[in-house]
Amino acid sequence: MGDDNNERGIRIAIDRGGTFTDCVGNPGTGDMKDDVIIKLLSEDPSNYDDAPLEGIRRLMSKFTGNEIPRGTPLNTSKIESIRMGTTVATNALLERKGEAIAMVVTKGFKDCLEIGNQSRPRIFDLGIKKPEVLYDCVLEIDERVTLEDYAEDPERNITAVEPGDSKNGLSADLVKGLSSEAVRILRRPNKEIIEEQLQQVYDKGIRSIAVCLMHGYTFPDHEALVGKVAKRIGFSHISLSHELMPMIKLVPRATSACADAYLTPAIKKYIAGFQKGFEGGLGSESVKEESGSKGARCEFMQSDGGLVDVEKFSGLKAILSGPAGGVVGYALTSFDAKSEKPPGVIGFDMGGTSTDVSRFGGRYEHVFETTTAGVTIQSPQLDINTVAAGGGSQLFFKNGLFVVGPESAGAHPGPACYRKGGPATVTDANLVLNRLLPDFFPRIFGKNEDEGLDVDASNKVLQDLTEQVNKETGKSMSVDEVAYGFLTVANETMTRPIRSLTEAKGHDTSKHRLATFGGAGGQHAVAIAESLGIKQILVHRYSSVLSAYGMALADVVDERQEPESKVWDIVEGKNESLRIKIEELKEKSKQALHDQGFGDKAIVYEEYLNMRYRGTESALMIVKPEGKDFAFGDAFVEQHQQEFGFTFPDRDIIVDDVRVRGIGKSFQGLDKSVDVQLKEIKPKDIESGKKEYKRTRVYFGGKREETPIYKLEDLEVGDRAKGPAILADGTQTIVITPTSTALVIETHIVINIADDDNKEPGRSESSKDVDPIMLSIFAHRFMAIAEQMGRALQKTSVSTNVKERLDYSCALFDPTGGLVANAPHLPVHLGSMSTCVKRQAEIWKGKLVQGDVIVSNHPEYGGTHLPDITVITPAFDKTGDRILFYVASRAHHADIGGILPGSMPPHSRELYQEGAAIKSEKLVSAGRFNEERITQLLLSEPAKYPGCSGTRCLGDNISDLKAQISSNMKGINLISSLIDEYGEDVVNFYMANIQNNAEHSVRNLLKEVSRRFEGQDLSAVDYMDDGSPIKLKISIDAEKGEAIFDFDGTGPEVYGNTNAPQAVTYSAIIYCLRCLISEDIPLNQGCLKPIKVLIPPKSFLSPSDKAAVVGGNVLTSQRVTDVIFRAFQACAASQGCCNNLTFGFGGNVEGEKEMKGFGYYETIAGGSGAGKDWDGTDGVHTHMTNTRITDAEVFERRYPVILREFSLRAGSGGKGQHRGGNGVVRDIEFRMPETQVSILSERRVYRPYGLAGGEDAECGLNIWVRRVETSNPQRSDKMLNGDGGEIDDVVFEERRINLGGKNTALMKSGERIIICTPGGGGWGRVGDEKELRAKDKDPKHAWKGGSHANREDMALQA
């Protein structure tokens, strides 16, 4: 331990997992050979109450030589330390079994967690399910503060507030926040009223509260007051957001406070029960007191990979407690900082239901906002990405594709081989192929729990799947081929997140080692490594208990963080205030570690600044560079270049947070690292027939091979087994393929993989015959490419629209422009991008060369509306003569000129009023970026029209266009490597066949719909608010599975902006068909092949090339969707609108002086429609959009506004057997003398319809709260008569003015816009008994199977 703690004693490390509890004990020698390992069931109530206590009892009995009877309190005098990781918090979160809590929040924000970021988890699920909130009730406190200055201020004004001002916070209205920002106090809380409110909550029996007030991260006084009052009343647990995580963003901070209040009492309860099992106390306090039997140190593993004293362990930091131990375990045993070998290690932890992947490159990589079990948490956690694919993942053959997961067989019934009638799983496939051996599995199955795995059951379920595959494809595949196919697809599922985890940070995956652990990792490690180009795998001796072993090696950590808002000064010595803040945090950390028994020599510090460029929201947590004094600025620029591919030399660098990680060192490093052992070792090949346990015939790509099996305990250091081979013991099975070797060293098994040309043979790679396994793999690969392009675009862009709101899409196209794969970021882009790419491919046929990039946004050329700019890059063959495919990215630009800031004018009549219209231009010519031309198109051209300005943010436009170009290059590089791997013919063959697969799925859907409606035509009509009808008749040919979508009877082109380019209707059709299929099918051109679309020329769904269209993409698209779903009788209408709000000022109108300004654009959620067996969802984006809303605190930091209210609009959803979702209320006050505010919305006249007897929802309403001069006749007379006497002052009053659906107004300081969005329609008659979908009986259906990855991964599930 630390230098003040030299007394040796028994050390115990425990990982209590969901199924098993792993214990590693050492008698005090610290020598690995003296370790004792125990594995026991986490739940075994007939034998013991608590698995960790039982594990400690067994270890103590072993080390002391005396059998300690169960139930006897354990003597702590022999124990030096107990270290634990636990899933108590994770399970309580997953199962929603935490403490009853109340949330305390600023008035106007009671529904902030219900609405969240307003996006939906699964974009094609009509019955939207958002994770339910953790609190039982909400308390709104009538208090309010805001930030005085705003980041988008072109003048960069900063209000000076002396530090002393905040001391007078009781009287001053302007104070200095913790982040050094000027904070304006608008309303102080009333202590008596708070006491009354909290008492009412206490009287309901609630004892735990979470407090999160607006801007509490920088001005905590009001939160602290609530905390004091709550303590006095007697609440047993109080979570204050500023104490837990003082970072900007209301929603994640409030969720974190709720998670802490919800989970900490459960953890304290568990710890209290655990402590009762010991004679002496546990924790650093008990060690100091040494009362009775000497106390023992007891630390728990936190989500950030550091240990914390038992007394300080909290729910918020416990969520990844178990997985974090595994990361620490492989990081400390597999990485050698002194070695020149790979730059990092990838951790691959494959369990029963999921697989965790992570990376270690010498320092733990933390993320500060993660989603677990549907709860977004703001707290440092190790960057662990979870994929819903494990040994228990179920196997399906659907729509001609092999599918693995995400459904899992769990522990009950478990895989088919568990003898409980379970389904086919990955474990069964391994068993059938002899890659898993029943001899090495515990005999705990069957009625009496004394039988082994049931191989026959696995064969039976795989035989059934094989028959299904052969019947549907006309193939004659063997059971072995089908089982192996499923394993190949499972491996592909798991490599996707590994690639994105490493490549997204600018690292090359193939230059890493793979460290595998967890029960199922060894069976898949070689295949995963081969797929990623990794040459060496490390399997630790303790790989099946590595999480527990990691805890034995981990350090004790004390984290401190404070907000900041300083501009980084490039002049050395000018950042003294930051240096002082860091030193203050280090001092606090040192004290906390002293209290836990660490001396100064055992403490080291990691110092961080959270930095970003002005005007962006992508902060990077920068660690202080070694050997350089306070060179954070240089380190930030370097890391920004590496991770995002660009820097902004002309922009300020802002410091958002100051963080210190104090580390009490308890692990001094292994005696010999892997690299040292490999240098010293002299490998000797195991002779054939020697040391073999037995032989069996194992299937390796194409055939079964005679394979020796070795027991791990029979092998010595230096033994090398040549593949094929299996190495196994009671806890793990390691499969060595024919072209790999396994070398035994002291601490690990090291697997070396042969070069690519020798790797395990895969499937036949012919381009003549469709192989369903290869088709499934290519479906994954194509989608992964589109996803990675999306991630690259999000990372390299600068605008809020792309980076924060995720208003973009990326896709891959065949040489004709047919869509191959589209990562479904935004449904409205789904089919429309293909129209654009096809048109451009025709225009530029034979004229493009390598290095050319095309740009277009014109509706006549496949655009949707002008702010959505599409960038298209052709990819050529190696000779540069032939185009093999295209990649494209489309992003919403915040401003491209026109008559109003934000380029979404509600009253545009002509296309030119909406900004720059680009038909077809080369953005890049043979590798040269045409900056002059694009500047002319965006800045000069739009300003030539009357009343119009060029773009108001040219710098952002150009940066985002460059990000789109680099995203396209990412796609081209990824497909080029796919072509290198499989050959051009094979890739082209599967590009075509993946479209055929989607076509087949849609034909089947149409046949089924025709049967349901008994061959009748389907029809529907709905109206825009101006009365324009959208009429649809769908005629289905049941035999062929084809349909005609005929929009005859739709209204004429309008002299307004709700005209929708034809591409928008195609997008709506693809989206609706994908929702109706309700299975994951590839989204591509094939979806439209069985569909003939008839749109009447000159209608507003086929407008002329100069017609205004800005509303067509965001309003009409939603109505087209409603009409299609109405025809199919699929669900009631959703809100049918995006509620487009823009505001700002400035521009370069011709003839006027250019004025610097800003533009802001957002879309606002509403209610979703109910269906036959689901209720509508409140406050969510529906159908054609899924963009996020800017967090309330970030909104006020960036713009001169006060968000007065953002809540659900009660009663706005339609009533019915299943009710429609409620809309929202968004109330924004403007603080500038004049701001141009525009609203572009629909469903302000025609209500969203109910179906099957359900009631219609409420319309939306847009209100301008205006300050108007009151009429005063006497004052008017005096002024008219020139009366020299005193004239009364002007008196203003507040008037509420209905803006209608589409309007713009110049709002003065103190004026507000209140947007009330529509609800969703109801389904079925009121009073009828509800029907529930089977999957909805589990409320966690939409989000469980947890992903610690961020929200975008949840949106990319197609």
Around atom [atom1] of [X], are there more than 12 heavy atoms from other residues, nucleotides or ligands closer than 6.0 Å?
| X | atom1 | answer |
| --- | --- | --- |
| Lys398 | NZ | yes |
| Glu706 | CD | yes |
| Lys722 | NZ | no |

Once salt bridge (Lys or Arg N to Asp or Glu O under 4.0 Å) is applied, do any residues pair with [X], and if so which ones, sequence neighbours excluded?
| X | answer |
| --- | --- |
| Lys1040 | none |
| Arg695 | Glu692 |
| Asp454 | Arg419 |
| Glu472 | none |

Test Asn988 against Asp985 for side chain to side chain donor-acceptor pair (under 3.5 Å), laying out the working first. CA-CA 5 Å; Asn988 280 335; Asp985 290 348; 5.3 Å; no
Rounded to the nearest 0.5 Å, what's the gap from [atom1] on [X] to [atom2] on [Y]? Could you check?
| X | Y | atom1 | atom2 | value |
| --- | --- | --- | --- | --- |
| Ile753 | Ile534 | CD1 | CD1 | 8.0 Å |
| Asp508 | Leu532 | CG | CG | 10.5 Å |
| Phe124 | Leu1076 | CZ | CG | 11.5 Å |
| Met789 | Leu974 | CE | CG | 9.0 Å |
| Arg720 | Ile686 | CZ | CD1 | 10.0 Å |
| Ile709 | Asn434 | CD1 | CG | 7.5 Å |

Please enumerate all residues that pass side-chain contact (heavy atoms from CB on, under 4.5 Å) together with Asn491, with sequence neighbours excluded. Met494, His524, Ala527, Ile528
Closest non-hydrogen atom pair between [X] and [Y], with its separation:
| X | Y | answer |
| --- | --- | --- |
| Gly400 | Pro772 | O-CB, 4.1 Å |
| Thr427 | Gly392 | OG1-N, 4.2 Å |
| Ala821 | Ala786 | O-CB, 4.1 Å |
| Ala457 | Ala416 | CB-O, 3.5 Å |
| Leu1073 | Cys1087 | CD1-O, 3.9 Å |
| Ser740 | Val526 | OG-CG1, 3.7 Å |

Tell me, with the steps shown, if Thr493 and His780 meet side-chain contact (heavy atoms from CB on, under 4.5 Å). CA-CA 7 Å; Thr493 309; His780 271 283; 3.6 Å; yes
A side-chain contact here means heavy atoms from C-beta on lying under 4.5 Å apart; do [X] and [Y] qualify?
| X | Y | answer |
| --- | --- | --- |
| Leu538 | Val750 | yes |
| Asp480 | Leu433 | yes |
| Leu465 | Phe486 | yes |
| Tyr418 | Pro413 | no |
| Leu487 | Val426 | yes |
| Asn1084 | Asn822 | no |
| Leu436 | Gln523 | yes |
| Ile749 | Leu712 | yes |

Assess the residue pair Leu395 and Val404 against the criterion (side-chain contact (heavy atoms from CB on, under 4.5 Å)); give the C-alpha distance rounded to whole Å, side-chain angles, the decisive distance to 0.1 Å, and a yes or no. CA-CA 5 Å; Leu395 313 178; Val404 178; 4.0 Å; yes
For Glu1042, which of Lys1007, Arg1003, Lys1089 qualifies under salt bridge (charged side-chain N to carboxylate O under 4.0 Å, His left out)? Arg1003
Main-chain N/O of [Y] paired with [X] side-chain donor or acceptor, under 3.5 Å:
| X | Y | answer |
| --- | --- | --- |
| Tyr990 | Asp771 | yes |
| Ser834 | Gly817 | yes |
| Asn997 | Leu401 | no |
| Ser1010 | Leu1006 | no |

Short N-O contact, [X] and [Y], less than 4.0 angstrom:
| X | Y | result |
| --- | --- | --- |
| Asp428 | Lys460 | no |
| Glu705 | Arg697 | no |
| Glu492 | Arg499 | yes |
| Glu787 | Arg496 | yes |

Do the ring centers of Phe813 and Phe885 come within less than 6.0 Å of each other? no
Centroid-centroid under 6.0 Å between Phe778 and Tyr982 rings: yes
So Tyr484 and Met477, side-chain contact (heavy atoms from CB on, under 4.5 Å) or not? Walk me through it. CA-CA 11 Å; Tyr484 185 69; Met477 294 175 74; over 6 Å; no
Is there a donor-acceptor contact under 3.5 Å linking the side chains of [X] and [Y]?
| X | Y | answer |
| --- | --- | --- |
| Glu999 | Gln995 | no |
| Asp456 | Asn459 | no |
| Asp814 | Thr816 | yes |

Given Ile777, Leu978, Ile975, the one that forms side-chain contact (heavy atoms from CB on, under 4.5 Å) with Phe782: Leu978
Just grab all the salt bridge (charged side-chain N to carboxylate O under 4.0 Å, His left out) pairs involving residues 516-525, residues at least two apart or on different chains. none
Please assess Gln732 against Phe517 for the test side-chain contact (heavy atoms from CB on, under 4.5 Å), listing each intermediate value before the final yes or no. CA-CA 9 Å; Gln732 60 187 329; Phe517 52 107; over 6 Å; no
Determine, stepwise, if the pair Tyr693 / Tyr710 fulfils ring pair (Phe, Tyr, Trp, His ring centres under 6.0 Å). CA-CA 5 Å; Tyr693 164 68; Tyr710 301 100; over 10 Å; no
